[in-house]
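Predicted model, so just to flag it, every value in this text is computed and none were measured. Ligands are counted one by one from 1 in listed order, and the atoms in each one are counted from 1 as well.
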Amino acid sequence: MLKPESIRQLEQIVGKDCILTAKEDLATYAYDGTTTWSGTPDVVVLPTTADQISAVLKFANEHRIPVTPRGSGTNISGGSIPTRGGIVLCTTRMNRVLDINAANLTATVEPGVVLQDLNNLLAKENLFYPPDPQSFLSCTVGGTVAENSGGPLCIKYGVTKQYVLGLEVVLPDGYVLTIGGTTVKNRTGYDLLPLFTGSEGTLGVITRVTVRLIPKPAARRTIIAIFDDMTLAGDVVSRILANRIVPAKIEFVDNFVIRRVEEKMKLGLPVDANTMLLIDVDGSVEAVESEAKQVLAMLQEGGAGMARMAQDEAEANLYWKARSAGFAAIYGAARTVIAEDVTVPRDRLSDFMKKLDEISKKSGFSIVIIGHAGDGNVHPSVFTNSREKEDLDRLQDTLTAIFEAALELGGTLSGEHGIGLEKKRLLARALDPRAIDIMRGIKRLLDPNNIMNPDKIWEEE
Ligand SMILES: Cc1cc2nc3c(=O)[nH]c(=O)nc-3n(C[C@H](O)[C@H](O)[C@H](O)COP(=O)(O)OP(=O)(O)OC[C@H]3O[C@@H](n4cnc5c(N)ncnc54)[C@H](O)[C@@H]3O)c2cc1C
């Protein structure tokens with residue numbers, strides 16, 4: 001519990017109107033996008049400059065006060081839960097787009113800029129920042145850098161780390177570090193950018209981000225396909241890629257999600273479909289027409305019950321809206337929903353689907369599937385009830401079975417949601433022990449007092 005004197009000191013640094021201490025306010029910062037983790041902070045600090053953040057961290061470091069950086073709190077790994085109370089440092093008031101440089105194809109922003117706000121501004125200049133986590137309407141750029149987020153577009157365009165050119169990060173001792181810059185090429189010593197990108201708030205607070213942009217593709221076509229069998233859909237995805245076509249997006253949702261979205265949004269989705277594949281191809285007009293036709297033919301040959309191109313932009317947007325609503329639809333469907341995040345090699349997708357079916361039957365839990373089929377990133381969501389102890393005990397075994405199935409197929413523990421609190425108990429199964437030692441060493445070097453987002457990524461030693 002922070003002493004009133006400490007709160008007063010923080011007020012002096014950021015100003016009284018940038019501090020929250022009321023019980024109701026603190027409660028709203030006790031959660032993130034997960035449904036099973038919570039932790040109430042002693043104080044929420046809403047700084048407006050990097051200098052203020054530097055002073056807050058110096059103070060916290062000196063007094064060994066834990067600091068949890070936070071953007072919009074949409075992560076689904078428990079990353080912004082203040083497990084030890086202390087300070088939640090929320091960046092949402094640092095929301096200025098500082099520069100859009102069309103000649104250099106870069107943008108520089110403060111960390112609290114909402115991803116969609118950035119893309120709306122870029123669209124006016126015919127520019128495009130591809131990393132597209134499906135929380136884009138509310139997540140912050142700083143949060144997506146800290147999570148190295150990806151999304152449907154990453155099959156063709158890559159994830160956040162492929163776009164970050166420069167960062168300003170306030171280290172736990174208050175030092176304001178600048179790394180990278182505004183150049184596409186930069187080979188000067190060890191590359192620290194990818195270290196901070198994906199560091200989940202454990203190494204410092206990101207206060208400025210410069211990203212690489214690309215021109216908005218001239219054309220896009222959306223193709224919808226329905227399958228009676230999810231493994232057939234997985235096989236077609238492998239075939240499309242094996243034929244050297246890399247669509248901008250290949251997403252799939254299962255029957256539960258289709259029905260649930262339809263129930264909520266009345267979009268006219270095919271509610272009997274076992275699986276719906278949504279594919280976007282983009283690029284020049286000629287390339288898009290040719291690739292879309294080839295993809296359509298492969299879907300039809302691969303056993304799709306129905307496959308066709310969206311008639312126009314409005315119809316395409318409608319299907320993508322349904323896909324974006326997928327997670328929200330799932331979350332409302334049970335008392336507790338654990339939306340998992342594993343990745344398997346793309347040619348093992350069908351095998352993974354079969355394993356999920358076996359795990360669901362064996363455990364008795366419903367497992368609903370939504371995912372980025374194009375990059376093998378699958379989100380099996382397990383429906384349970386956190387109020388039933390028996391359910392929760394069984395749940396851990398079921399989640400472990402899902403991770404093990406992915407790892408056995410050559411996959412990873414997390415594709416995009418990060419480790420946070422959610423997966424730290426499994427980290428040792430996924431990484432070389434020496435790699436974990438190196439990571440812990442980096443953490444100790446930068447944060448010897450362990451004030452920055454403690455308890456995340458590793459079990460305590
Ligand atoms: C409906 C939904 C759909 C999603 N879809 C996807 C998806 O398709 N792909 C994907 O990759 N993810 C997805 N996510 C999760 C994704 O990780 C987050 O939405 C996003 O990256 C977090 O942004 P945020 O601003 O909410 O950060 P928060 O949740 O507030 O924080 C995330 C982590 O970053 C740290 N952090 C935040 N800001 C900073 C900062 N300035 N400096 C240092 N550390 C910081 C926090 O401590 C925490 O560990 C989804 C989440 C939801 C709820």
Side-chain angles (χ1 to χ4, degrees), residues 29 31-35 37 41 44 47 50 53 57 66-83 87-95 109-117 130-155 158-161 167-172 196-209 249 251 323-332 337 339 341 343 370-372 375 377-379 381 414-422 424 447 452-457:
Y29 289 84
Y31 298 91
D32 60 10
T34 51
T35 48
W37 302 100
V44 177
I53 293 180
L57 293 193
V67 179
T68 307
R70 180 181 168 112
S72 298
T74 63
N75 78 89
I76 21 192
S77 54
S80 53
I81 300 292
T83 43
I87 300 169
V88 161
L89 193 153
C90 182
T91 63
T92 47
R93 289 192 187 171
M94 294 174 71
N95 59 359
V109 302
E110 291 186 328
V113 168
V114 169
L115 192 55
Q116 178 73 355
D117 292 344
D132 60 337
Q134 294 299 283
S135 49
F136 56 85
L137 288 177
S138 52
C139 68
T140 64
V141 174
T144 61
V145 173
E147 292 286 0
N148 187 22
S149 299
L153 281 165
C154 79
I155 171 187
V159 296
T160 302
K161 72 178 173 194
L167 290 177
E168 179 184 83
V169 186
V170 184
L171 299 180
F196 284 95
T197 307
S199 59
E200 301 189 29
T202 60
L203 299 179
V205 180
I206 296 158
T207 46
R208 198 174 58 226
V209 182
K249 305 179 188 176
E251 298 283 300
R323 166 59 188 92
S324 310
F327 259 135
I330 289 173
Y331 270 114
V337 177
D341 162 48
T343 301
I370 194 165
H372 313 295
D375 54 33
N377 187 195
V378 184
H379 300 305
S381 297
S414 167
E416 54 186 20
H417 295 170
I419 302 299
L421 296 170
E422 192 81 17
K424 60 179 185 169
D447 185 19
M452 284 305 309
N453 213 2
D455 302 323
K456 312 295 153 57
I457 306 184

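Here the shortest heavy-atom distance to atom 22 (C) of ligand 1, taken over T207, T74, I370, belongs to T74. Nearest-residue assignment for atom 44 (N) of ligand 1 (options S414, S77, G201; heavy-atom criterion): G201. Atom 52 (C) of ligand 1 has its nearest heavy-atom neighbour, among G79, S135, S138, C154, in S135.
Nearest to atom 24 (P) of ligand 1 among the protein's heavy atoms is S72 N, 3.5 Å. Regarding atom 25 (O) of ligand 1, its nearest protein heavy-atom neighbour is T140 OG1, 2.6 Å. Looking at atom 15 (C) of ligand 1, its nearest protein heavy atom turns out to be I76 CG1, 3.9 Å. Summary of contacts: the protein heavy atom closest to atom 47 (O) of ligand 1 is P69 O, 2.6 Å. In terms of protein heavy-atom proximity, atom 28 (P) of ligand 1 is nearest to G73 N, 3.5 Å. Looking from atom 31 (O) of ligand 1 to the surrounding protein, the closest heavy atom is N75 ND2, 3.8 Å. Scanning the protein heavy atoms around atom 23 (O) of ligand 1, the nearest turns out to be C139 CB, 3.4 Å.
At least one heavy atom of G204 sits closer than 4.0 Å to an atom of ligand 1. For V205, the closest heavy-atom approach to ligand 1 falls below 4.0 Å. Ligand 1 lies out of reach of G33, whose nearest heavy atom is not under 4.0 Å from it.
E110 is not listed as a side-chain neighbour of T207, based on a closest heavy-atom distance of 4.5 Å or more. The shortest side-chain heavy-atom distance between I206 and V141 does not fall under the 4.5 Å cut-off. Side-chain atoms of P133 and T144, non-hydrogen and from C-beta on, do get closer than 4.5 Å to each other.
Backbone and side-chain nitrogen or oxygen atoms of Q134 are examined, and one is located within less than 3.5 angstrom of a nitrogen or oxygen of ligand 1. Annotation: I206 places an N or O atom under 3.5 Å from an N or O atom of ligand 1; distance criterion only.
Residues satisfying the side-chain hydrogen bond (donor to acceptor under 3.5 Å, both in side chains) test with T202, not counting sequence neighbours, are none. Under the side-chain hydrogen bond (donor to acceptor under 3.5 Å, both in side chains) criterion, S199 pairs with no residue at all, not counting sequence neighbours.
Using a 4.0 Å cut-off to heavy atoms of N453, the atoms of ligand 1 that qualify are 47 (O), 49 (O). Within ligand 1, counting atoms from 1 as listed, the ones closer than 4.0 Å to a heavy atom of G150 are 7 (C), 8 (O), 9 (N), 10 (C), 11 (O). Atoms of ligand 1 found under 4.0 Å from any heavy atom of A146, numbered from 1 in the order shown, are 34 (O), 35 (C), 36 (N), 44 (N), 45 (C). Atoms of ligand 1 found under 4.0 Å from any heavy atom of H372 (numbered from 1 in listed order, with element): 8 (O). Every atom of ligand 1 is numbered from 1 in the order shown, and the set under 4.0 Å from a heavy atom of P111 is 41 (N). Of all atoms in ligand 1, numbered sequentially from 1 with element shown, those under 4.0 Å from a heavy atom of T91 are 41 (N). Atoms of ligand 1 found under 4.0 Å from any heavy atom of P133, numbered from 1 in the order shown, are 6 (C), 7 (C), 8 (O), 9 (N), 10 (C), 12 (N), 13 (C). Within ligand 1, the atoms closer than 4.0 Å to a non-hydrogen atom of G143 are 21 (O), 23 (O), 24 (P), 25 (O), 27 (O), 37 (C), 38 (N), numbered from 1 in the order shown.
Not a single donor-acceptor pair under 3.5 Å links the side chain of E422 to the backbone N or O of I76. Although no hydrogens or angles enter the test, the distance criterion places a donor-acceptor pair under 3.5 Å between the side chain of T35 and the main chain of V337. The backbone N or O of G143 lies less than 3.5 Å from no partner atom in the side chain of N75, so there is not a single donor-acceptor pair. Between the side chain of Q134 and the backbone N or O of D132, at least one donor-acceptor pair lies under 3.5 Å. Of the possible polar contacts, none joining the D447 side chain to the L203 backbone as a donor-acceptor pair under 3.5 Å is found.
Residue Y331 places its OH atom among more than 12 non-hydrogen atoms of other residues, nucleotides or ligands, all under 6.0 Å distant. Remark: K161 NZ is loosely packed, at most 12 non-hydrogen atoms of other residues, nucleotides or ligands lying under 6.0 Å away.
Using a 4.0 Å cut-off between charged side-chain N and carboxylate O, R323 and E251 make a salt bridge.
In this structure, H417 and H379 have parallel ring planes: the angle between them is below the 30° cut-off, well short of the 60° mark.
If you look at E147 next to ligand 1, the close heavy atoms, those under 4.0 Å, all belong to the side chain. Heavy atoms of H417 found under 4.0 angstrom from ligand 1 belong exclusively to the side chain.
Rounding to the nearest 0.5 Å places CD1 of I53 at 4.5 Å from CE of M94.
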